[in-house]
Amino acid sequence: MTGTVTVEVGLGDRAYDILIGPGLIARGAELIQKRLPKARTAIVTDENVAAAHLGPLVESLTAGGNPPAVIKLPAGEKTKSFDSLETVVDQIIAARLERGDAVIALGGGVIGDLTGFAAGIVRRGMNFVQMPTSLLAQVDSSVGGKTGINSLRGKNLIGVFHQPKLVLADTAALDTLPLREFRAGYAEVAKYGLIDRPDFFAWLESNWQEVFSGGPARIEAIAQSCRAKADVVARDEFETGDRALLNLGHTFGHALEAATAYDGARLVHGEGVAIGMALAHRFSARLNLASPDDAARVEAHLRDVGLPWRMADIPGSLPDADALFNFITQDKKVSRGALTFILTRGIGQSFIAKDVPASEVISFLKENHPG
(Lines give C-alpha, C1' and ligand atoms only; values in the text may rest on other atoms or scores of the structure.)
Protein backbone atom coordinates (compact mmCIF):
# COMPACT_ATOMS: atom_id res chain seq x y z
CA MET A 1 0.00 0.00 0.00
CA THR A 2 1.50 3.36 -1.05
CA GLY A 3 0.32 6.94 -1.51
CA THR A 4 -2.42 8.49 0.61
CA VAL A 5 -5.23 6.38 2.05
CA THR A 6 -8.53 7.96 3.17
CA VAL A 7 -10.66 6.52 5.98
CA GLU A 8 -14.01 8.15 6.72
CA VAL A 9 -15.45 8.49 10.21
CA GLY A 10 -19.17 8.25 9.48
CA LEU A 11 -21.00 10.65 11.78
CA GLY A 12 -23.64 12.05 9.43
CA ASP A 13 -23.29 15.79 8.94
CA ARG A 14 -20.25 15.72 11.25
CA ALA A 15 -18.42 13.04 9.28
CA TYR A 16 -14.74 13.67 8.62
CA ASP A 17 -11.80 12.08 6.84
CA ILE A 18 -8.59 10.60 8.14
CA LEU A 19 -5.87 10.99 5.52
CA ILE A 20 -2.93 8.61 5.98
CA GLY A 21 0.34 8.85 4.05
CA PRO A 22 3.67 10.67 3.75
CA GLY A 23 4.09 14.41 3.19
CA LEU A 24 0.76 15.60 4.63
CA ILE A 25 2.22 18.15 7.06
CA ALA A 26 3.75 20.17 4.21
CA ARG A 27 0.35 20.05 2.44
CA GLY A 28 -1.49 21.24 5.55
CA ALA A 29 -2.78 24.55 4.15
CA GLU A 30 -4.14 22.99 0.96
CA LEU A 31 -5.91 20.15 2.77
CA ILE A 32 -7.33 22.30 5.57
CA GLN A 33 -8.51 25.09 3.26
CA LYS A 34 -10.34 22.55 1.11
CA ARG A 35 -12.53 21.69 4.12
CA LEU A 36 -12.46 24.98 6.04
CA PRO A 37 -12.18 27.78 3.45
CA LYS A 38 -10.79 31.09 4.77
CA ALA A 39 -10.35 29.76 8.30
CA ARG A 40 -7.61 31.45 10.30
CA THR A 41 -5.54 29.06 12.40
CA ALA A 42 -3.60 28.52 15.58
CA ILE A 43 -1.15 25.64 15.91
CA VAL A 44 -0.65 23.98 19.29
CA THR A 45 2.48 21.86 19.54
CA ASP A 46 5.25 20.89 21.93
CA GLU A 47 8.93 21.82 21.88
CA ASN A 48 10.12 18.46 20.55
CA VAL A 49 7.59 18.25 17.71
CA ALA A 50 8.14 21.92 16.84
CA ALA A 51 11.83 21.29 16.22
CA ALA A 52 11.05 18.46 13.77
CA HIS A 53 7.78 19.42 12.05
CA LEU A 54 6.52 22.95 12.79
CA GLY A 55 8.49 24.73 10.04
CA PRO A 56 6.86 23.06 7.00
CA LEU A 57 3.36 23.54 8.42
CA VAL A 58 3.88 27.24 9.22
CA GLU A 59 5.41 27.74 5.77
CA SER A 60 2.45 26.00 4.12
CA LEU A 61 -0.14 28.10 5.96
CA THR A 62 1.76 31.36 5.51
CA ALA A 63 2.22 30.76 1.79
CA GLY A 64 -1.54 30.24 1.59
CA GLY A 65 -2.09 33.74 2.99
CA ASN A 66 -2.95 32.55 6.50
CA PRO A 67 0.02 32.94 8.87
CA PRO A 68 -0.87 30.96 12.02
CA ALA A 69 -0.59 31.79 15.67
CA VAL A 70 1.81 29.28 17.28
CA ILE A 71 1.36 27.99 20.85
CA LYS A 72 4.34 25.96 22.04
CA LEU A 73 4.25 23.84 25.21
CA PRO A 74 6.67 21.57 27.08
CA ALA A 75 6.70 17.94 25.93
CA GLY A 76 5.38 15.14 28.15
CA GLU A 77 2.29 13.78 29.91
CA LYS A 78 2.46 16.43 32.62
CA THR A 79 1.41 19.00 29.98
CA LYS A 80 -2.13 17.54 30.11
CA SER A 81 -2.93 19.89 32.99
CA PHE A 82 -5.16 22.82 33.95
CA ASP A 83 -2.17 25.16 33.70
CA SER A 84 -1.48 24.16 30.09
CA LEU A 85 -5.19 24.30 29.24
CA GLU A 86 -5.36 27.87 30.55
CA THR A 87 -2.30 28.81 28.46
CA VAL A 88 -3.79 27.38 25.27
CA VAL A 89 -7.24 28.89 25.82
CA ASP A 90 -5.77 32.31 26.63
CA GLN A 91 -3.53 32.35 23.54
CA ILE A 92 -6.35 31.23 21.21
CA ILE A 93 -8.45 34.11 22.50
CA ALA A 94 -5.48 36.51 22.30
CA ALA A 95 -5.06 35.57 18.64
CA ARG A 96 -8.67 36.73 18.12
CA LEU A 97 -9.72 33.46 16.53
CA GLU A 98 -13.44 33.07 16.01
CA ARG A 99 -15.66 30.00 16.23
CA GLY A 100 -15.37 29.34 12.49
CA ASP A 101 -11.57 29.41 12.60
CA ALA A 102 -9.48 26.33 13.34
CA VAL A 103 -7.17 25.12 16.06
CA ILE A 104 -4.56 22.62 14.81
CA ALA A 105 -3.06 19.99 17.12
CA LEU A 106 0.43 19.17 15.84
CA GLY A 107 1.89 16.45 18.04
CA GLY A 108 1.22 13.25 19.88
CA GLY A 109 -1.66 12.20 22.09
CA VAL A 110 -0.93 14.73 24.84
CA ILE A 111 -1.10 17.69 22.46
CA GLY A 112 -4.12 16.25 20.61
CA ASP A 113 -6.12 15.62 23.78
CA LEU A 114 -5.29 19.02 25.29
CA THR A 115 -5.87 20.97 22.07
CA GLY A 116 -9.15 19.23 21.36
CA PHE A 117 -10.39 20.07 24.86
CA ALA A 118 -9.40 23.73 24.42
CA ALA A 119 -11.11 23.86 21.01
CA GLY A 120 -14.19 22.27 22.51
CA ILE A 121 -14.63 24.94 25.18
CA VAL A 122 -13.33 28.20 23.63
CA ARG A 123 -16.31 30.15 22.27
CA ARG A 124 -18.37 27.05 23.15
CA GLY A 125 -16.73 25.01 20.43
CA MET A 126 -14.29 25.82 17.63
CA ASN A 127 -13.15 23.90 14.57
CA PHE A 128 -10.33 21.52 15.31
CA VAL A 129 -7.82 19.69 13.09
CA GLN A 130 -5.70 16.77 14.28
CA MET A 131 -2.19 16.40 12.82
CA PRO A 132 -0.85 13.48 14.88
CA THR A 133 2.91 12.92 14.77
CA SER A 134 3.18 9.80 16.94
CA LEU A 135 2.01 6.31 16.04
CA LEU A 136 -0.18 6.17 19.15
CA ALA A 137 -1.95 9.38 18.17
CA GLN A 138 -2.33 8.36 14.52
CA VAL A 139 -4.08 5.09 15.33
CA ASP A 140 -5.97 6.03 18.47
CA SER A 141 -6.19 9.36 20.25
CA SER A 142 -6.57 11.58 17.15
CA VAL A 143 -9.68 9.68 16.01
CA GLY A 144 -13.05 9.78 17.72
CA GLY A 145 -13.29 13.11 19.49
CA LYS A 146 -12.31 12.15 23.04
CA THR A 147 -10.37 15.06 24.49
CA GLY A 148 -9.17 15.97 27.94
CA ILE A 149 -6.56 16.51 30.61
CA ASN A 150 -5.44 14.55 33.65
CA SER A 151 -6.39 15.02 37.29
CA LEU A 152 -4.11 14.21 40.18
CA ARG A 153 -6.73 11.55 40.94
CA GLY A 154 -6.55 9.86 37.55
CA LYS A 155 -5.94 10.06 33.82
CA ASN A 156 -8.29 11.82 31.36
CA LEU A 157 -10.93 12.51 34.02
CA ILE A 158 -11.60 16.06 32.77
CA GLY A 159 -12.64 16.65 29.17
CA VAL A 160 -15.32 16.73 26.49
CA PHE A 161 -16.28 14.87 23.34
CA HIS A 162 -15.35 17.18 20.47
CA GLN A 163 -14.87 15.75 16.98
CA PRO A 164 -12.19 17.12 14.65
CA LYS A 165 -13.02 18.38 11.16
CA LEU A 166 -10.05 16.51 9.67
CA VAL A 167 -7.22 14.18 10.69
CA LEU A 168 -3.93 14.32 8.76
CA ALA A 169 -1.72 11.37 9.71
CA ASP A 170 1.65 12.06 8.06
CA THR A 171 3.39 8.69 8.17
CA ALA A 172 6.77 10.26 7.34
CA ALA A 173 6.61 12.04 10.72
CA LEU A 174 6.99 8.64 12.38
CA ASP A 175 10.53 8.35 11.02
CA THR A 176 11.64 10.90 13.64
CA LEU A 177 10.08 9.01 16.57
CA PRO A 178 12.37 7.40 19.13
CA LEU A 179 12.01 3.60 19.04
CA ARG A 180 10.46 3.56 22.50
CA GLU A 181 7.68 5.93 21.39
CA PHE A 182 7.00 3.91 18.24
CA ARG A 183 6.76 0.72 20.29
CA ALA A 184 4.36 2.43 22.70
CA GLY A 185 2.09 3.39 19.80
CA TYR A 186 2.28 -0.13 18.42
CA ALA A 187 0.52 -1.38 21.56
CA GLU A 188 -2.62 0.43 20.36
CA VAL A 189 -2.24 -1.15 16.89
CA ALA A 190 -2.12 -4.63 18.44
CA LYS A 191 -5.15 -3.71 20.55
CA TYR A 192 -7.42 -3.55 17.49
CA GLY A 193 -6.54 -7.13 16.60
CA LEU A 194 -7.12 -8.28 20.16
CA ILE A 195 -10.53 -6.60 20.40
CA ASP A 196 -12.31 -8.21 17.45
CA ARG A 197 -9.92 -8.70 14.52
CA PRO A 198 -7.99 -11.91 15.14
CA ASP A 199 -6.83 -12.05 11.52
CA PHE A 200 -5.25 -8.61 11.92
CA PHE A 201 -3.46 -9.74 15.09
CA ALA A 202 -2.11 -12.78 13.23
CA TRP A 203 -1.00 -10.48 10.39
CA LEU A 204 0.85 -8.31 12.91
CA GLU A 205 2.58 -11.35 14.39
CA SER A 206 3.97 -12.06 10.90
CA ASN A 207 4.55 -8.49 9.69
CA TRP A 208 5.43 -6.38 12.74
CA GLN A 209 9.06 -5.96 11.69
CA GLU A 210 7.96 -4.37 8.39
CA VAL A 211 5.54 -2.12 10.30
CA PHE A 212 8.50 -0.93 12.38
CA SER A 213 10.81 -0.46 9.38
CA GLY A 214 8.26 1.60 7.41
CA GLY A 215 6.82 1.41 3.93
CA PRO A 216 3.58 -0.22 2.79
CA ALA A 217 3.12 -2.44 5.87
CA ARG A 218 3.21 0.60 8.16
CA ILE A 219 0.54 2.45 6.16
CA GLU A 220 -1.55 -0.74 6.04
CA ALA A 221 -1.35 -1.20 9.84
CA ILE A 222 -2.32 2.43 10.48
CA ALA A 223 -5.19 2.30 7.99
CA GLN A 224 -6.54 -0.97 9.45
CA SER A 225 -6.36 0.52 12.95
CA CYS A 226 -8.14 3.71 11.89
CA ARG A 227 -10.88 1.71 10.11
CA ALA A 228 -11.39 -0.36 13.24
CA LYS A 229 -11.71 2.71 15.42
CA ALA A 230 -13.83 4.63 12.92
CA ASP A 231 -16.31 1.73 12.76
CA VAL A 232 -16.71 1.73 16.53
CA VAL A 233 -16.97 5.53 16.83
CA ALA A 234 -19.65 5.65 14.13
CA ARG A 235 -21.71 3.13 16.10
CA ASP A 236 -21.15 4.58 19.56
CA GLU A 237 -19.79 8.12 19.54
CA PHE A 238 -20.26 8.88 23.24
CA GLU A 239 -19.13 5.54 24.68
CA THR A 240 -22.49 4.39 25.98
CA GLY A 241 -22.10 0.92 24.43
CA ASP A 242 -19.46 -1.06 22.64
CA ARG A 243 -17.02 1.84 22.16
CA ALA A 244 -15.89 0.81 25.63
CA LEU A 245 -14.17 -2.16 23.94
CA LEU A 246 -11.51 0.32 22.80
CA ASN A 247 -10.48 0.49 26.45
CA LEU A 248 -8.99 -3.02 26.35
CA GLY A 249 -5.94 -2.84 28.62
CA HIS A 250 -6.68 0.71 29.70
CA THR A 251 -8.20 0.11 33.13
CA PHE A 252 -5.09 -1.67 34.37
CA GLY A 253 -2.87 0.60 32.26
CA HIS A 254 -4.31 3.88 33.55
CA ALA A 255 -3.96 2.64 37.12
CA LEU A 256 -0.28 1.89 36.52
CA GLU A 257 0.25 5.31 34.95
CA ALA A 258 -1.35 7.00 37.95
CA ALA A 259 0.71 4.80 40.30
CA THR A 260 3.90 6.06 38.62
CA ALA A 261 2.65 9.68 38.83
CA TYR A 262 2.67 9.89 35.01
CA ASP A 263 6.46 9.76 35.02
CA GLY A 264 7.31 9.15 31.37
CA ALA A 265 10.81 8.00 32.28
CA ARG A 266 9.20 5.01 34.00
CA LEU A 267 6.08 4.35 31.94
CA VAL A 268 4.46 5.99 28.92
CA HIS A 269 0.82 5.49 27.98
CA GLY A 270 1.32 2.83 25.31
CA GLU A 271 3.52 0.81 27.64
CA GLY A 272 0.81 0.96 30.27
CA VAL A 273 -1.70 -0.27 27.68
CA ALA A 274 0.64 -3.13 26.70
CA ILE A 275 0.95 -4.31 30.30
CA GLY A 276 -2.79 -3.73 30.76
CA MET A 277 -3.68 -5.89 27.74
CA ALA A 278 -1.44 -8.69 28.98
CA LEU A 279 -3.04 -8.41 32.44
CA ALA A 280 -6.56 -8.36 30.95
CA HIS A 281 -5.86 -11.61 29.08
CA ARG A 282 -4.25 -13.23 32.11
CA PHE A 283 -7.14 -12.05 34.34
CA SER A 284 -9.60 -13.54 31.82
CA ALA A 285 -7.73 -16.84 32.02
CA ARG A 286 -7.80 -16.68 35.82
CA LEU A 287 -11.60 -16.28 35.67
CA ASN A 288 -11.77 -19.31 33.33
CA LEU A 289 -13.08 -17.15 30.50
CA ALA A 290 -10.17 -17.79 28.14
CA SER A 291 -7.27 -20.17 27.68
CA PRO A 292 -3.95 -19.38 29.36
CA ASP A 293 -2.45 -20.14 25.93
CA ASP A 294 -4.06 -16.96 24.56
CA ALA A 295 -2.59 -14.90 27.38
CA ALA A 296 0.81 -16.44 26.68
CA ARG A 297 0.46 -15.64 22.96
CA VAL A 298 -0.30 -11.97 23.71
CA GLU A 299 2.62 -11.76 26.12
CA ALA A 300 4.96 -13.37 23.58
CA HIS A 301 4.06 -10.87 20.87
CA LEU A 302 4.49 -7.88 23.18
CA ARG A 303 7.83 -9.29 24.32
CA ASP A 304 8.93 -9.89 20.70
CA VAL A 305 8.38 -6.24 19.75
CA GLY A 306 10.17 -5.02 22.88
CA LEU A 307 7.18 -3.83 24.90
CA PRO A 308 6.78 -4.36 28.66
CA TRP A 309 4.14 -6.98 29.42
CA ARG A 310 4.14 -7.37 33.23
CA MET A 311 4.24 -5.03 36.21
CA ALA A 312 7.77 -6.20 37.00
CA ASP A 313 8.92 -4.52 33.77
CA ILE A 314 8.21 -1.05 35.21
CA PRO A 315 11.39 0.49 36.71
CA GLY A 316 11.22 1.32 40.40
CA SER A 317 8.76 0.21 43.02
CA LEU A 318 4.98 0.27 42.73
CA PRO A 319 2.34 0.95 45.39
CA ASP A 320 0.86 -2.21 46.90
CA ALA A 321 -2.08 -4.08 45.40
CA ASP A 322 -4.65 -2.25 47.54
CA ALA A 323 -3.32 1.13 46.37
CA LEU A 324 -3.37 -0.04 42.75
CA PHE A 325 -6.97 -1.17 43.23
CA ASN A 326 -7.81 2.31 44.53
CA PHE A 327 -6.45 3.83 41.31
CA ILE A 328 -8.63 1.39 39.35
CA THR A 329 -11.75 2.53 41.21
CA GLN A 330 -10.96 6.15 40.27
CA ASP A 331 -10.87 5.25 36.59
CA LYS A 332 -13.77 6.56 34.50
CA LYS A 333 -14.60 3.02 33.34
CA VAL A 334 -16.09 2.44 36.80
CA SER A 335 -19.85 3.12 36.78
CA ARG A 336 -21.77 3.76 40.01
CA GLY A 337 -19.14 1.87 41.94
CA ALA A 338 -19.43 -1.28 39.79
CA LEU A 339 -16.17 -2.47 38.30
CA THR A 340 -16.26 -2.74 34.52
CA PHE A 341 -13.39 -4.40 32.67
CA ILE A 342 -12.80 -5.31 29.06
CA LEU A 343 -12.08 -9.03 29.24
CA THR A 344 -11.72 -11.69 26.57
CA ARG A 345 -12.78 -15.19 25.60
CA GLY A 346 -9.79 -15.50 23.27
CA ILE A 347 -7.75 -13.57 20.70
CA GLY A 348 -10.11 -11.09 19.05
CA GLN A 349 -13.01 -12.00 21.36
CA SER A 350 -13.11 -9.11 23.82
CA PHE A 351 -16.28 -8.16 25.66
CA ILE A 352 -17.52 -5.73 28.31
CA ALA A 353 -17.62 -7.41 31.72
CA LYS A 354 -19.70 -5.53 34.29
CA ASP A 355 -19.85 -6.08 38.06
CA VAL A 356 -16.44 -7.76 38.22
CA PRO A 357 -15.95 -8.74 41.89
CA ALA A 358 -13.52 -6.46 43.69
CA SER A 359 -12.14 -9.42 45.63
CA GLU A 360 -11.09 -11.12 42.38
CA VAL A 361 -9.33 -7.98 41.14
CA ILE A 362 -7.44 -7.44 44.42
CA SER A 363 -6.40 -11.08 44.57
CA PHE A 364 -5.20 -10.94 40.94
CA LEU A 365 -3.22 -7.75 41.59
CA LYS A 366 -1.52 -9.38 44.59
CA GLU A 367 -0.58 -12.43 42.50
CA ASN A 368 0.92 -10.28 39.77
CA HIS A 369 2.53 -7.57 41.89
CA PRO A 370 6.33 -7.61 41.61
CA GLY A 371 6.83 -6.58 45.24
Side-chain angles (χ1 to χ4, degrees), residues 18-20 22-29 31-32 41-61 68-81 83-89 91-92 95 102-120 122 126-150 155-156 159 162-186 188 222 226 257 262 264 268-270:
I18 308 162
L19 304 187
I20 303 157
L24 299 182
I25 290 174
R27 295 176 57 204
L31 297 168
I32 292 168
T41 58
I43 302 167
V44 183
T45 190
D46 69 42
E47 290 158 354
N48 294 347
V49 173
H53 304 298
L54 180 60
L57 180 58
V58 171
E59 189 177 316
S60 167
L61 291 164
V70 176
I71 304 166
K72 214 179 292 186
L73 299 167
E77 187 74 26
K78 292 179 188 284
T79 293
K80 282 177 64 168
S81 66
D83 285 347
S84 296
L85 179 68
E86 183 177 13
T87 297
V88 173
V89 165
Q91 292 195 38
I92 291 170
V103 185
I104 301 169
L106 178 69
V110 168
I111 290 296
D113 286 0
L114 171 67
T115 304
F117 188 16
V122 174
M126 293 182 61
N127 292 324
F128 165 44
V129 174
Q130 284 273 23
M131 297 185 72
T133 58
S134 72
L135 179 60
L136 189 149
Q138 290 189 3
V139 301
D140 184 58
S141 58
S142 68
V143 180
K146 285 172 75 170
T147 74
I149 58 175
N150 299 331
K155 188 176 171 72
N156 294 334
H162 186 55
Q163 298 292 345
K165 294 293 185 181
L166 176 68
V167 180
L168 300 176
D170 189 333
T171 54
L174 304 181
D175 294 337
T176 65
L177 275 189
L179 178 58
R180 183 186 180 198
E181 291 296 323
F182 191 90
R183 282 182 178 137
Y186 181 85
E188 296 280 3
I222 294 168
C226 288
E257 285 185 88
Y262 307 111
V268 295
H269 174 66

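Please read these numbers as outputs of a predicted model, since none were measured by experiment. Positions are given from 1 along the sequence.
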Interatomic spacing from NZ in K155 to NE2 in H269 - rounded to 0.5 Å: 5.5 Å
Closest heavy-atom pair and its distance - L174, S134: CD2-C, 3.5 Å
Straight-line distance of K146 NZ to D113 CG, nearest 0.5 Å: 9.5 Å
Rounded distance [0.5 Å steps], CG in L106 versus CG in L168: 10.0 Å
Atom pair CG (N156) and CG (N150), whose distance is rounded to the nearest 0.5 Å: 5.5 Å
Under the ring-ring contact (aromatic ring centres under 6.0 Å, His included) test, residues paired with F117 that sit two or more places apart: none
Any donor-acceptor pair under 3.5 Å from Q138 side chain to P132 backbone: yes
D46: side chain to side chain donor-acceptor pair (under 3.5 Å) partners, not counting sequence neighbours: none
Audit row: I149, S84, side chain to side chain contact (heavy atoms under 4.5 Å, CB included) steps and yes/no: CA-CA 9 Å; I149 58 175; S84 296; over 6 Å; no
Interatomic spacing from CD1 in I71 to CD1 in I92 - rounded to 0.5 Å: 5.0 Å
Minimum heavy-atom distance G109-S141, with the two atoms named: CA-OG, 3.4 Å
Any donor-acceptor pair under 3.5 Å from Q163 side chain to G144 backbone: yes
Minimum heavy-atom distance between A75 and N48, given as atom pair plus value: CB-ND2, 3.4 Å
Between CG on residue D170 and CD1 on residue I25, distance to nearest 0.5 Å: 4.5 Å
Heavy-atom closest contact (A184 atom, L136 atom, distance): O-CD1, 4.0 Å
V129/T41 under side chain to side chain contact (heavy atoms under 4.5 Å, CB included): CA gap, chis, key distance, verdict: CA-CA 10 Å; V129 174; T41 58; over 6 Å; no
Partners passing side-chain contact (heavy atoms from CB on, under 4.5 Å) against T115 (at least two apart in sequence or in another chain): V44, V103, A105, I111, F128
Verdict with supporting geometry, L57 and I104, side chain to side chain contact (heavy atoms under 4.5 Å, CB included): CA-CA 10 Å; L57 180 58; I104 301 169; 4.3 Å; yes
Within 6.0 Å of CD in E59, more than 12 heavy atoms from elsewhere: no
Closest non-hydrogen atom pair between A172 and G23, with its separation: CB-N, 4.3 Å
Steps toward side chain to side chain contact (heavy atoms under 4.5 Å, CB included) verdict (T176, H53): CA-CA 9 Å; T176 65; H53 304 298; 3.2 Å; yes
Shortest non-hydrogen separation from I43 to P68 and the atoms involved: CD1-CG, 3.7 Å
